[in-house]
Amino acid sequence: MSTTRNLFSYPKYWAECFGTAPYLPMSREEMDVLGWDSCDIIIVTADAYVDHPSFGMAVIGRLLEAQGFRVGIISQPRWDSAEDFKKLGAPNLYFGVTGGNMDSLINRYTADLRIRTDDAYTPNAVPGQRPDRSVIVYSQRCREAYYDTPIVIGGIEASLRRIAQYDYWTDKVRRSVLIDSNADILLFGNAERALVELTHQVASGRKISELTDLRGTAILRSSVPEGWVEIDSTRIDWPNQIDQIPNPYEYPHDKKEMGSCATDASTVVTTEPEKTADTVSALRIIPMPLQRKADFDQSKAYIRLPSYNKVKNDPALYAHASRILHQEANPYNAKTLVQKHDTQDVWVNPPPIPLETDEMDGVFDLPYQRRPHPSYGEAKIPAYDMIKTSVNIMRGCFGGCTFCSITEHEGRIIQSRSEESILREIEKIRDQVPGFTGTISDLGGPTANMYKLNCKSHDIQKNCKRLSCVYPTICQHLETSHKPTTQLYRKARSLPGIKRVAIASGLRYDLALRDPEYIEELVTHHVGGYLKIAPEHSEEKTLSKMMKPSISSYDEFKLLFDKFSAKAGKKQYLIPYFIAAHPGSDNEDMLNLGLWLKKNKFRPDQVQTFYPSPMALATAMYYSGRNPLKKVGYKSEKVSVCKDIEARRLQKAFLRYHDEKNWPLLRIALKKMGREDMIGDLPHQLVPAEKPAGKFIGKPGQKRAVTTRSRARS
């Protein structure tokens, strides 16, 4: 693999002489003003172009501009023809295609597969301005517009589809998006390293097909290069004796021997086949259970996953492939993953090495205008309005929640900006954002309180394969002091012109319990009456499938939250979030959660139903009915899964036990469960009993008002 190089150490491309564009151009007229005859790279995005570091197209565009390249933007093009894809001309180097900040299907459909009525990343929230599977559709149109121009795909939509993945919207396993899009290469994760290296290489005359070893990329190959060792992980129940297995890649000299040869899996294949157009070179294969016993060059080893055809037809193999992918997520020890798709292999190189603090600072210090492109006029872009006064202080998440895709995309290793860079950005917001009132709406990231929390030992981190640093317990090697965050909060709110700094990002409260001083700082100065946190469930059986802490951690946090709120003389409340229909959660669990909510006097209005996003571990549970958190076998642990739409709505109804519209459904369910004892008007019961028709209980002399509402209740 290529060595790690600082993002800003490359010699700048010759086009740096054109200087910095006020906004990256979206039209020929803007290009003419800049003196450009062409673009070197054109980014095609499904989002409105907002020149702000929270928007992917702006980060990538400004970073490539800082390398000396001319970058144009095609935002939300019409996709019924290739005309909009030609409006900036053909790029000199490649098209960069992204589905935007949000997966196009999740953007359009709710968890119940209903079409959303708005799109927060579109001017005036107008829906329908992006196609489903935007990466595939846009790539096809780019190919139609300029057939010979290379196509590079990236962003979260492509990132989460880099191998065969379960597609909730069609209820099928789909091929890697690299194949369906007909792109030349896929970049996954926060792809600055791979993108900068790739762009300079292509600018120097190399073809993308030659760039086979870039970290954070997926490519297609028709054969295995010489010198590689295959770790065979294509099956889940190996036989007891696996010292010898047939090697499918060994071709004996004598064709009569075909089918009778066997190769010791722990020794190098020495047979040299006759090299013809129809043969491949001899390859050493090691069954996965024997990989730790074998001696081989780790840098030239790859893991072969079950093929697309196998995971499509065998849910257990799908769960196994998902488990392997998540185990190979640490960039310091991950191996290349290979998955057969018909006649081609998708090669997924190891994840990118995380950015250092100075590189993170460099990315966020680029000359963003911090506003939408002027072509949108006075139109409101809700996603921009939400984040225009917020600051991203870090990337990554080591929580490992199975229903979340942050880890699969950004990785588990926290990448933090410097304090100085963050404070500079706050000052830019103060000075540049129109109508700034003095409030920073958020100072956070994927998780509010993971800033500068990393493994205490780089050597231990290099060898670690834990799926989470905080589950089932907080790792003893994890730095848990929140002092850098507490200090940052204090400095941020002391800046001139800053009246308040709110914390709106999700809080990992089990981690916060390790530093009560942080909780006091947060509660005293950064909570405006309500703090949203996410226990997600109350029952251990379900929480174990989520990789979330026990509800007792929530109880501990609430005690400190209430204590410090009272000390500060404030009345403040926790707003907990919960998920219905998560794999592992049955109706009994949801009943217990509903009772927990009622006991604690919570009446949630906005509740979530589990959404099976591509590549998440919980999605593997949903599709396969098996638990990939443990070794997967045909006889291994099964997971209860709620797939029927009515069953999912019932679980959601348990969360909204207080809504009388849900009472009839809950009464029927409780009777089927044999839990009629939970129907009644006593405090420990979940829903009231149905009132007999025609009977009215009221004060003496009071008349009953017969209305549509009273009929609906009876």
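Under the ring-ring contact (aromatic ring centres under 6.0 Å, His included) criterion, the residue pairs touching residues 180-205 are Y10-H200, F69-H200, with sequence neighbours excluded. A ring-ring contact (aromatic ring centres under 6.0 Å, His included) check over residues 407-439, counting only residues at least two apart or in different chains, returns nothing. Residue pairs meeting the salt bridge (charged side-chain N to carboxylate O under 4.0 Å, His left out) criterion with at least one member in residues 432-445, sequence neighbours excluded, do not occur. Counting only residues at least two apart or in different chains, side chain to side chain donor-acceptor pair (under 3.5 Å) contacts with residues 80-91 comprise R78-D80. Identified under the salt bridge (charged side-chain N to carboxylate O under 4.0 Å, His left out) test for residues 144-161, with sequence neighbours left out: D103-R161, R141-E144. Here salt bridge (charged side-chain N to carboxylate O under 4.0 Å, His left out) pairs that include residues 109-123, with residues two or more places apart or in two chains, are D119-R130. For residues 176-185, every residue pair satisfying the salt bridge (charged side-chain N to carboxylate O under 4.0 Å, His left out) rule, not counting sequence neighbours, is listed here: R143-D184, R174-D180, R175-D180.
D365 approaches S421 most closely through the heavy-atom pair OD1-OG, 3.4 Å. Minimum interatomic distance between A616 and S405 (heavy atoms only, all atoms of both residues): CB-OG, 4.3 Å. Minimum heavy-atom separation, I156 to G100: CG2-O, 3.9 Å. Closest approach of Q76 to Y138, counting heavy atoms only: CA-OH, 3.9 Å. Pairing each heavy atom of V44 with each of C142, the nearest pair is CG2-SG, 3.9 Å. Closest approach of D47 to M57, counting heavy atoms only: CB-CE, 3.7 Å.
By the ring pair (Phe, Tyr, Trp, His ring centres under 6.0 Å) test, F398 is found to be paired with no residue, residues two or more places apart in sequence or in another chain being considered. Shown here are the ring pair (Phe, Tyr, Trp, His ring centres under 6.0 Å) partners of W79, two or more places apart in sequence or in another chain: there are none. By the side chain to side chain donor-acceptor pair (under 3.5 Å) test, E378 is found to be paired with no residue, residues two or more places apart in sequence or in another chain being considered. Remark: D37 pairs with R70 by the side chain to side chain donor-acceptor pair (under 3.5 Å) rule, at least two apart or across chains.
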In sequence, state the C-alpha distance, the side-chain angles, and the governing distance for Y166 and D171, and then conclude on side-chain hydrogen bond (donor to acceptor under 3.5 Å, both in side chains).
-> CA-CA 7 Å; Y166 172 70; D171 194 28; 2.6 Å; yes
Derivation and outcome, salt bridge (Lys or Arg N to Asp or Glu O under 4.0 Å), residues D385 and K380 | CA-CA 8 Å; D385 290 337; K380 298 291 185 183; 5.1 Å; no
Kindly determine whether R193 and E359 satisfy salt bridge (Lys or Arg N to Asp or Glu O under 4.0 Å), including the steps that lead there.
-> CA-CA 10 Å; R193 286 204 192 284; E359 294 174 301; 2.7 Å; yes
List the steps, then state whether salt bridge (Lys or Arg N to Asp or Glu O under 4.0 Å) holds for E65 with R62.
-> CA-CA 5 Å; E65 179 187 58; R62 289 298 188 184; 2.9 Å; yes
Between T389 and S441, is a side-chain hydrogen bond (donor to acceptor under 3.5 Å, both in side chains) present by the stated rule, with each step listed?
-> CA-CA 6 Å; T389 61; S441 59; 3.1 Å; yes
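A donor-acceptor pair is defined here as one N or O able to donate and one able to accept, closer than 3.5 Å; such a pair exists between the side chain of N101 and the backbone of S54.
Side-chain contact between I115 and R108 is present, with at least one heavy-atom pair separated by less than 4.5 Å. Between L325 and Q339 there is no side-chain heavy-atom pair separated by less than 4.5 Å. Counting only heavy atoms from C-beta outward, the side chains of Y49 and Y376 approach each other to under 4.5 Å. Side-chain atoms of T149 and I151, non-hydrogen and from C-beta on, never get closer than 4.5 Å to each other. Contact check for S75 versus T45: side-chain heavy atoms found under the 4.5 Å cut-off.
By the 30° and 60° cut-offs, the orientation of the rings of Y168 relative to Y611 is perpendicular. Ring pair Y308/H341 is parallel by interplanar angle, where below 30° counts as parallel and above 60° as perpendicular.
Under 3.5 Å, the side chains of T485 and N449 contain no donor-acceptor pair of N or O atoms.
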Distance-only check: which donor-acceptor pairs under 3.5 Å involve side-chain atoms of residues 15-26, not counting sequence neighbours?
none

